[in-house]
Amino acid sequence: MELSTVLKIKNAETGSTVDMELEPDNTINEIIESAASFWHKDPGAYVLRKGKKVLSASITVKESNLISGDVLELIPDPEGG
Amino acid sequence: MDQQIRVGFEKDDRLDRSRRIEWLDTKKISESSALVLGAGAIGNEVVKNLILSGMTRLAIVDFDIVQRSNLARCVFFTEIDALQKSMKAEALARAASSLVPGTMIEPVIGRVEDLPIDLYKKHDIVLGCLDNFNARLHANSHSRFARVPYIDSGMQGAIGKVFVSLPNGPCLECASNITHSKIAALRYSCTGTSVSFYMPLVPAEITTTSIVSAMAVREGLRLLSSKAPPLEGQMIYYDGLRSILDIMQVDIDPNCPNHS
């Protein structure tokens, strides 16, 4: 049985963080959606980064090689022009 | 016979200082053309930077009119444009052409979603200066289909981003997720027609606009000059309040419709 992973998600706009427990088949999309809900984000677009990399939405925690303790940052994707 | 020059000749050359930049190929730039999608704040700055860099052929696309609230960050729009409700693409083309005589700027009044693919194919580079993700994703996929590099820019308050997408590399859709889809779903009914809904006005100010636009045009000039590799498949992310300028890698998403 595969163990769950606990990631630290950081809200780039406020600096606050939350620990999120994930199964290996959870996707980046699910992390983004849960984090945006947790912080009651306004309707808008966000991306999740790990260091210098934007994480692809459809891949899983396992495919992303994420491990417990990793810090991911939720950043706004600006829509205005 | 030796070549003869006139003293001070370099002061009469409009692009003299640009020609001194090693990576900048002013000849290639002057022979290239750009499709600028959106004539808002970023579009104004992008057009200014392109023509002052020596580009002489552009097309500018926008369906909207100039409003007074645009004037605080759109360098080419005037009070008269706002009073007369000028079309943004026409006002921008007119004013920019007068800034650099000889520049040929074609205004196109219309929505990005309605543009023919041939318009993309006629240009060497596409710059997305749009205000919504639906139009961005449309421009992204059509640029790829036309095999033309697409440079996307966006801003919100002190935050800005620029993304460079080349025909064979990661695209804007690879960097999109469920939050982008939700916005897209808000804009369209189940029949596919656009609907009205409330979206808060995007906070914007000229300093972010200037920085984002300059970075977008810089990447375009690098691409056209072919002397310095552009940031292919990378997102330049700027946060003015945190004084952050970051470059983030975007990979091809195996489930991206543009790559499958």
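These numbers were taken from a predicted model, which means no experiment stands behind them. Note on naming: letters A, B, ... go to the chains in the order of the sequence lines (proteins, then strands), and numbering restarts at 1 for each one.
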Atom of Ala175(B), atom of Val47(A) and distance for their closest heavy-atom approach | O-CG1, 3.5 Å
Quick check: are there more than 12 heavy atoms from other residues, nucleotides or ligands sitting under 6.0 Å from CZ of Arg218(B)?
-> no
Straight-line distance of Ile75(A) CD1 to Asp246(B) CG, nearest 0.5 Å | 8.0 Å
Would you check if there is a donor-acceptor pair between the side chains of Asp253(B) and Ser56(A) at a distance under 3.5 Å?
-> no
Comparing Glu30(A), Glu33(A), Lys41(A) against chain B, the one with the most heavy-atom pairs below 4.5 Å turns out to be Glu33(A)
Measure distances from Ala204(B) to the heavy atoms of chain A and classify the residue's part below 4.5 Å as side chain, backbone, both or neither.
-> neither
Straight-line distance of Ile28(A) CD1 to Asn177(B) CG, nearest 0.5 Å | 10.0 Å
Just wondering, more than 12 heavy atoms not from Lys48(B) lying within 6.0 Å of its NZ?
-> yes
Any chance you could measure Phe163(B), atom CZ, to Asp77(A), atom CG, to the nearest 0.5 Å?
-> 10.0 Å
What distance do Ile59(A) atom CD1 and Asp251(B) atom CG have between them, rounded to the nearest 0.5 Å?
-> 7.5 Å
Would you say Pro78(A) and Tyr238(B) make side-chain contact, with heavy atoms under 4.5 Å?
-> no
Interatomic spacing from NZ in Lys52(A) to CD in Gln234(B) - rounded to 0.5 Å | 10.5 Å
Under 4.0 Å between a Lys/Arg side-chain N and an Asp/Glu carboxylate O for Glu79(A) and Arg136(B)?
-> no
Honestly, the part of Thr209(B) sitting under 4.5 Å from a heavy atom of chain A is neither
From Ile178(B) atom CD1 to Asn29(A) atom CG, the distance as rounded to the nearest 0.5 Å | 5.0 Å
Given a strict heavy-atom distance threshold of 4.5 Å, which part of Ile159(B) is in contact with chain A: side chain, backbone, both, or neither?
-> both
Among Gly51(A), Pro76(A), Ala57(A), single out the residue with the greatest number of heavy-atom pairs under 4.5 Å to chain B.
-> Pro76(A)
Among all residues two or more places apart in sequence or in another chain, which pass the salt bridge (charged side-chain N to carboxylate O under 4.0 Å, His left out) test with Glu73(A)?
-> Arg49(A), Arg242(B)
Top contributor to chain A contacts, counting heavy-atom pairs under 4.5 Å, from Met155(B), Gln156(B), Gln249(B), Met235(B) = Met155(B)
